[in-house]
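Below is one structure, written out as structure tokens, with a few remarks after it.
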4 protein chains.
Amino acid sequence: MSDDEKLVGEFPFLPKQERAQVKRNALIESGYALFQAKGYEQTTAKDIAAHAGVATGTFYRYFSDKRQLLMSLLEDKIETFLPPEISWISNDPVSSLATSLENHYNRIHEFGLRHVLPELLSKDSELANVLEKARKRIHERIQSSLKQAREKGLVWSDLDLDTVSWAIMIIVENGLDKINKTENKCAYQDIAKLICRMVFPPTVLNQLRGSDVEAFE
Amino acid sequence: MSDDEKLVGEFPFLPKQERAQVKRNALIESGYALFQAKGYEQTTAKDIAAHAGVATGTFYRYFSDKRQLLMSLLEDKIETFLPPEISWISNDPVSSLATSLENHYNRIHEFGLRHVLPELLSKDSELANVLEKARKRIHERIQSSLKQAREKGLVWSDLDLDTVSWAIMIIVENGLDKINKTENKCAYQDIAKLICRMVFPPTVLNQLRGSDVEAFE
Amino acid sequence: MSDDEKLVGEFPFLPKQERAQVKRNALIESGYALFQAKGYEQTTAKDIAAHAGVATGTFYRYFSDKRQLLMSLLEDKIETFLPPEISWISNDPVSSLATSLENHYNRIHEFGLRHVLPELLSKDSELANVLEKARKRIHERIQSSLKQAREKGLVWSDLDLDTVSWAIMIIVENGLDKINKTENKCAYQDIAKLICRMVFPPTVLNQLRGSDVEAFE
Amino acid sequence: MSDDEKLVGEFPFLPKQERAQVKRNALIESGYALFQAKGYEQTTAKDIAAHAGVATGTFYRYFSDKRQLLMSLLEDKIETFLPPEISWISNDPVSSLATSLENHYNRIHEFGLRHVLPELLSKDSELANVLEKARKRIHERIQSSLKQAREKGLVWSDLDLDTVSWAIMIIVENGLDKINKTENKCAYQDIAKLICRMVFPPTVLNQLRGSDVEAFE
DNA sequence: CATGAATGAGCCTTCATTCAT
DNA sequence: GATGAATGAAGGCTCATTCAT
């Protein structure tokens, strides 16, 4: 049923709260767009308000200042922006990692704020902290998934889990730039392959391919 | 009359040009120190001049503006700051890479400006360009060194050189943070091992270890 | 249908005008409280509305602006706040003046706006004018009462009525601060005595004390 | 000798420090003029700078803010602005007090800031404190001079020194307004007479007039 | 009539850059 | 060349007042 078919129950305008929410969102959108386009410092509250089509003062009704808007933008997004859960145990770890990467990058493709973060970290230690903690969580998550794989004897026997986890995180974090700059259609696959080679001995990879993975789970 | 002919009286005074050079250097040093300590935006031209012991106006005699001073600081240092030449062919690629990394990180350890770059890239596309080009050069350098190794049949046969080069660059670029956060003494070795596993099949690594490397060069 | 005829249902609602009056009063009360507590400039229209439990916009339905509310507060109060009518002819002018002062100060004790006036006079010449006129009225009132006393030969023969009236006004106006800072219980009496000495020769005072005042009236 | 006659020793421009002082003074003058004309709140730093013929930023080179400029204006002037030392013992206390008043008022005639003080006291408790302390000093000064007179048996025997001192202070403080509003040439004399009547019994005044005051000193 | 979101002028302050000395 | 005072544009933010709902 399309909107046109609605016969009753139409509010001629949005309820108050909702309208405020709309405006708040417009500001957030504008902040997002401008931060991304011009950088955080280069964007003023006035700019954001103008871009959202509201007066300067309105900005301050919804946000105590520029930084708070940014925080709203970041809230709950940082984790998304960071690397995803990775499952190592599969028939074809390379492909499944590649798929995982592709999904991740598709998800964060639009998260342009990524480019603003570095600018901010140097002057906003609170934000730096938040990000640092999130990365630590990600790091631990990756590491623990690797630990499981190790317990099953799948990874290089002399692997330093801390270091690989870190390397994986770094690679995934920076991968989008690489993907975007490459027309190479196998990019995901190539990256996944690299990572798998850091983790698994070639024998294991072969072995997994022919096996019934269920046995490991 | 050349400097050589001066017999007396010249002691307290440096030749004009030299004095200028001294001032210029003082400004560069101060800029470096303050940018590093407080960030680029947070450092004012006045600050820098004061720190260098000259008047505000003097700053502008030597640099057209704050940005130019920064550029002077960066010029010739960007390359240093980025990953070094890597030689893949050795008896023990892991150890030699580890040593290379250690040297590199020791060299750039003090390059505190590293933390200022992100702040700048968003607002200075020229700088971003410069950095981008430098990275491209590094990338090509790594890639070409890998190509040589491939021609000798040392690397994984299905290796995508572009992607590995990129991954190596990313890892090396970010490695210092990792090293600093780890008390692990083998950090360099661990990172080197990872990288080598992305590049060389295990058989090759073993083979190299026992061989007379000269044969490959 | 008059109010009298309503039998039921009217309970929760005040007649419209009355409700408006209630709101207006609430605003006045709130304005009074906040001006007194925080000063005129420091109090915003929003503050006042919030304190009165109405919306910001409502404030402007009842008052054209903040200033007008203040004027409403002051209207009819200025005169109260200024010195009272004084009757000079009595058996004991000192005591009767003291009593008069005490009454006056008790009456204006709560007139906290007193402290707000100075802040306003510098920027509101109209208000300054209003106050000036009120003071002139007071001055004349005092002066004419003194004139009566003079006609009866009670005051110093060389008294400049204009000047004494002024001095009395000044003293009474400022007296409350004095009273409040003193624990002295005779404060009213002491002030009254001073004033009487400016007005009456000692002989007259003595004479009055023993006389039948009616004779002078 | 006029400026024209100076032949040598002319500085083509004032020494640096002096010029800065000149500018600082210009700002102080402008602050004074504008505070007086428009009130403190109504005057902005920009106004003051413009009036002084300098840029906004220049204001902030010399003063941290408006308040500091005001403080500079007030410093050392508050005491002047308050009532002067009074000597009670003289052949003709009325006249000598009148003279003293005249001198005082001539001195502070230009101290227009007087009208700004009230505005400030309500929002600047530090300033209020400073003024309060100054008034306390004045009050004590007057009281102690009265005490001397009392010890010589010159004043009303039942005089409450605290109250009279206060009344005198109030009258003197407010007297200038009175004087300015009056074309009466005897204004000083009239005020002085009032005050003397609060202090001295008429017999003492007569007695002093005919006496050799030295005897009391 | 009431509401409270929206407006935007205007204040305070900083700092990159210029320029008279 | 050197100096540092002067400049003034620009940013952050507030608040009296208006106006759509």
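Chain naming here is simple, since letters A, B, ... match the order of the sequence lines and numbering starts at 1 in each. Not measured: the values here are computed from a predicted model.
Distances shown here put a side-chain N or O of Tyr62(A) below 4.0 Å from the OP1 or OP2 atom of dA6(E). The shortest distance between the side-chain N/O atoms of Tyr60(B) and the OP1/OP2 oxygens of dG4(F) is not below 4.0 Å. Side-chain N/O atoms of Lys23(A) include none lying less than 4.0 angstrom from OP1 or OP2 on dA5(E).
Rounded to the nearest 0.5 angstrom, Ile48(C) CD1 and Glu29(C) CD are separated by 12.0 Å.
Across the interface with DNA chain E, nearest-nucleotide mapping of Lys46(B) and Thr58(C) shows Thr58(C) to be the residue nearer the 5′ end. Looking at which nucleotide of DNA chain E each of Phe59(A) and Phe59(D) is closest to, the 5′-most match is held by Phe59(A). For the pair Thr56(B) and Val54(D), nearest-nucleotide mapping onto DNA chain F gives the more 5' position to Thr56(B).
Per the geometry, CD belonging to Gln42(A) stands 14 Å off P belonging to dA10(F), to the nearest Å. Taking atom CD of Glu41(D) as the reference point, atom C1' of dA16(F) lies 15 Å away to the nearest angstrom. Lys38(B) places its NZ atom 13 Å from the P atom of dT14(E), with the value rounded to the nearest Å. Between Arg67(A) atom CZ and dC13(F) atom C1' the separation is 17 Å, expressed in whole Å. Straight-line distance from the CD atom of Gln68(B) to the C1' atom of dT17(E): 14 Å, rounded to whole Å. The distance from atom CD of Gln21(C) to atom P of dA2(E) is 12 Å, rounded to the nearest whole Å. Straight-line distance from the CZ atom of Arg24(C) to the P atom of dA2(E): 13 Å, rounded to whole Å. Atom pair Asp65(B):CG and dT18(E):P shows a separation of 9 Å (rounding to whole Å applied).
Note on Phe63(A): nothing from the nucleic acid sits closer than 4.0 angstrom, heavy atoms only. Counting non-hydrogen atoms under 4.0 angstrom, Thr44(C) reaches the backbone sugars and phosphates but no base.
Put simply, the side chain of Thr44(D) gets close to the backbone of Asp47(D): a donor and an acceptor are under 3.5 Å apart. With hydrogens and angles ignored, the 3.5 Å screen pairs a side-chain donor or acceptor of Ser72(A) with a backbone N or O of Gln68(A).
The Arg61(C) side chain lies nearest to dA2(E) when the options are dA6(F), dA2(E), dT3(F). The nucleotide whose nearest atom lies closest to any side-chain atom of Ala55(A) is, among dA5(F), dT7(E), dT7(F), dT7(E).
The side-chain tip of Lys66(B) points at the ring of Tyr40(B) from less than 6.0 angstrom away and within 45° of straight on.
Both distances falling under 3.5 Å, in either a Watson-Crick or a G-U wobble arrangement, place dT3(E) opposite dA20(F).
Between Phe35(C) and Gln42(C), the closest side-chain pair of non-hydrogen atoms is not below 4.5 Å.
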